[in-house]
Amino acid sequence: MRAGSGNLIMLDDIQLSQWQDQGYLNLDHLFNGGELKAIAGEYDRLVTLDGQTLGDAKEGVFPYRAMLNFRSEALAGFVLHPALLNIATQLLGDDVRLWWDQGINKKPGSGSFIPWHQDNGYEAGQIPAYLTFWLALDDSSRENGGLGIIPGSHRGGRRRHTMRGVHAEIDASDVDAQRAIPLDATAGDILLFSSLLVHQTVGNRTADRERRAWVIQYCRGDQHNFETG
């Protein structure tokens, strides 16, 4: 990356080429140590088993919480962080807005997985692609419930999804799983991917490694549902 005006981070030509071709990037650390500590503290206060959960009793439930920015003044400030907005405006244009945010903690032993899907698959009707910033608060790999992706799958447009419980799922016949790769991250990394990138997360099979992630999404300011307006 290179610094833009005001020493803000800008994507370089190599990153922009990877973004267009593959649909994802590892942005490394955009938050400093103090910021990450503050985020983790608020995250741990809000994303608990006493609140919302995903998964099931057989495979193991894990904490989930939607729209953390509405529940924490500190986190509301972080979704406006200049480093995030600078990259968002570089890819989407000068007028952007927050689309959604959520916290998901794949706790040790939670075998429940989130099947192959696109983030667009959760939307009723057709909407343009948007940006997903995936902040890893712990080291993340396939062993503890990390991301798997299919590089370049965003270029195929929106796939047909079926809702199974609370999860949108792409039919297995429409997923070339042989092309899948793990998208590992170290604590503090931010993974950026298109809302049209096909991805999944597996269960956390470790005994002692949490996998906390804060997902922050942005869209164009004028973006709307093509079907409903």
Side-chain angles (χ1 to χ4, degrees), residues 1 8-11 15 18-19 22-48 51-52 54 62-92 96-108 110 114 117-119 122 129-149 182-195 197 199-202 204 209-219:
M1 295 182 197
L8 293 177
I9 297 299
M10 297 288 287
L11 302 178
Q15 290 172 309
Q18 179 183 329
W19 172 256
Q22 300 295 306
Y24 74 95
L25 292 169
N26 187 330
L27 300 174
D28 200 358
H29 285 45
L30 297 185
F31 298 126
N32 63 38
E35 290 170 330
L36 288 170
K37 183 177 180 180
I39 291 169
E42 285 296 273
Y43 181 103
D44 290 341
R45 180 177 68 84
L46 294 168
V47 185
T48 68
Q52 297 169 279
L54 294 176
F62 51 92
Y64 166 85
R65 201 71 181 268
M67 300 305 278
L68 300 184
N69 79 96
F70 287 152
R71 307 174 191 276
S72 164
E73 184 176 351
L75 295 183
F78 281 113
V79 301
L80 299 176
H81 195 284
L84 298 180
L85 295 183
N86 201 58
I87 292 173
T89 54
Q90 187 180 1
L91 295 175
L92 297 175
V96 301
R97 63 185 173 88
L98 181 70
W99 179 263
W100 182 260
D101 86 276
Q102 61 188 24
I104 303 175
N105 181 2
K106 289 285 190 77
K107 282 187 169 293
S110 56
I114 299 176
H117 67 282
Q118 299 164 302
D119 289 340
Y122 283 91
Y130 50 92
L131 305 179
T132 295
F133 290 80
W134 199 93
L135 170 62
L137 292 172
D138 303 293
D139 291 348
S140 171
S141 68
R142 298 285 280 178
E143 287 73 28
N144 70 331
L147 282 163
I149 66 166
L183 191 56
D184 295 346
T186 60
D189 283 352
I190 292 182
L191 306 175
L192 172 65
F193 53 92
S194 165
S195 64
L197 188 74
H199 62 285
Q200 68 167 189
T201 61
V202 295
N204 185 343
R209 292 176 56 201
E210 287 190 305
R211 196 235 65 186
R212 297 170 298 166
W214 185 23
V215 179
I216 310 169
Q217 297 171 319
Y218 301 93
C219 65

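These numbers come from the heavy atoms of this one structure, side chains and all, not from hydrogens, waters or symmetry mates.
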Requested in this report: Using atom types as modelled and distance alone, determine if a side-chain donor or acceptor of E42 lies under 3.5 Å from a backbone N or O of I39.
Outcome: no
Query - Exercise: identify the closest heavy-atom pair between L30 and E35 - result: O-OE1, 4.3 Å
Query raised in the report: Can you find a heavy atom in the side chain of L191 that is under 4.5 Å from one in the side chain of L27?
Result: no
Query raised in the report: Is the side chain of E210 donor-acceptor paired with the backbone N or O of P108 at a distance under 3.5 Å, no angle test?
Result: no
Requested in this report: Give, for atom CG of L91 and atom CG of L25, the distance between the pair rounded to the nearest 0.5 Å.
Outcome: 8.0 Å
Query raised in the report: Can you tell me how far CH2 of W19 sits from CG of L197, rounded to the nearest 0.5 angstrom?
Result: 8.0 Å
Query - Residues W214, W134; criterion side-chain contact (heavy atoms from CB on, under 4.5 Å); working and verdict - result: CA-CA 6 Å; W214 185 23; W134 199 93; over 6 Å; no
Report task. Run the ring-centre check on Y122 versus H117 and record whether the distance is less than 6.0 Å. Result -> yes
Query raised in the report: So do the side chains of S72 and R45 get within less than 4.5 Å of each other, counting heavy atoms only?
Result: yes
Query raised in the report: Which pair of heavy atoms, one from A136 and one from A185, lies closest together, and at what distance?
Result: CB-CB, 3.9 Å
Query raised in the report: With no hydrogens and no angle check, is any side-chain donor or acceptor of Q90 less than 3.5 Å from a backbone partner on M10?
Result: no
**Report entry** Side-chain ion pair, D44 and R212, N-O less than 4.0 Å
**Finding:** yes
**Report entry** Heavy-atom pair of closest approach, residues P182 and R142
**Finding:** CB-CG, 3.6 Å
Query - Within-4.5 Å side-chain heavy-atom neighbours: V47 and L68 - result: yes
Query raised in the report: Once you round to the nearest 0.5 Å, how far does OG1 of T186 lie from CG of D138?
Result: 11.0 Å
Report task. Would you mind reporting whether D139 and R209 have side-chain heavy atoms less than 4.5 Å apart? Result -> yes
**Report entry** Aromatic F62 / basic K106 pairing, under 6.0 angstrom, 45° off normal
**Finding:** yes
Query - is_close_aromatic(F133, F193), centroid dist under 6.0 Å - result: no
Query raised in the report: If we only count heavy atoms from C-beta on, is the V79 to H81 side-chain gap below 4.5 Å?
Result: no
Requested in this report: Give the C-alpha distance, both sets of side-chain angles, the deciding distance and a yes or no for side-chain contact (heavy atoms from CB on, under 4.5 Å) between L92 and L131.
Outcome: CA-CA 9 Å; L92 297 175; L131 305 179; 3.7 Å; yes
Query raised in the report: Among side-chain atoms of Q217 and D101, is any donor-acceptor pair under 3.5 angstrom?
Result: no
Query raised in the report: Taking atom types as modelled, is there a side-chain donor on N144 or N204 under 3.5 Å from an acceptor on the other?
Result: no
**Report entry** Side-chain donor/acceptor of R211 to backbone N/O of G146, under 3.5 Å
**Finding:** no
Query raised in the report: Is it true that the side chains of T132 and D119 contain a donor and an acceptor less than 3.5 Å apart?
Result: yes
Query raised in the report: Rounded to the nearest 0.5 Å, how far does CG of N69 lie from CD1 of I216?
Result: 8.5 Å
Report task. State, with a plain yes or no, whether a side-chain heavy atom of P63 is found less than 4.5 Å away from one of Q52. Result -> no
Requested in this report: Answer with yes or no after comparing the ring centroid distance for Y130 and W99 against a 6.0 Å cut-off, counting only values under it.
Outcome: yes
Query raised in the report: How far apart are the closest heavy atoms of Y64 and A66, and which atoms are they?
Result: OH-CB, 3.7 Å
Query raised in the report: Are any non-hydrogen side-chain atoms of R97 and Y218 less than 4.5 angstrom apart?
Result: no
Requested in this report: Kindly give the heavy-atom pair with the smallest separation between D184 and N26, and that separation in Å.
Outcome: O-ND2, 4.0 Å
Query raised in the report: Just how far is it from atom CG of D189 to atom CG of L135, taken to the nearest 0.5 Å?
Result: 9.0 Å
Query raised in the report: Is it true that a side-chain atom of R65 and a backbone atom of L46 form a donor plus acceptor pair closer than 3.5 Å?
Result: yes
Query - No-hydrogen, no-angle side-chain donor-acceptor test under 3.5 Å, H199 and Q118 - result: no
Query - Nearest heavy atoms of Y43 and I104, plus distance in Å - result: OH-O, 2.7 Å
Query raised in the report: Do H29 and F31 have side chains that get closer than 4.5 Å, going by heavy atoms?
Result: no
Query raised in the report: How many angstroms lie between SG in C219 and CG in L98, if you round to the nearest 0.5 Å?
Result: 8.0 Å
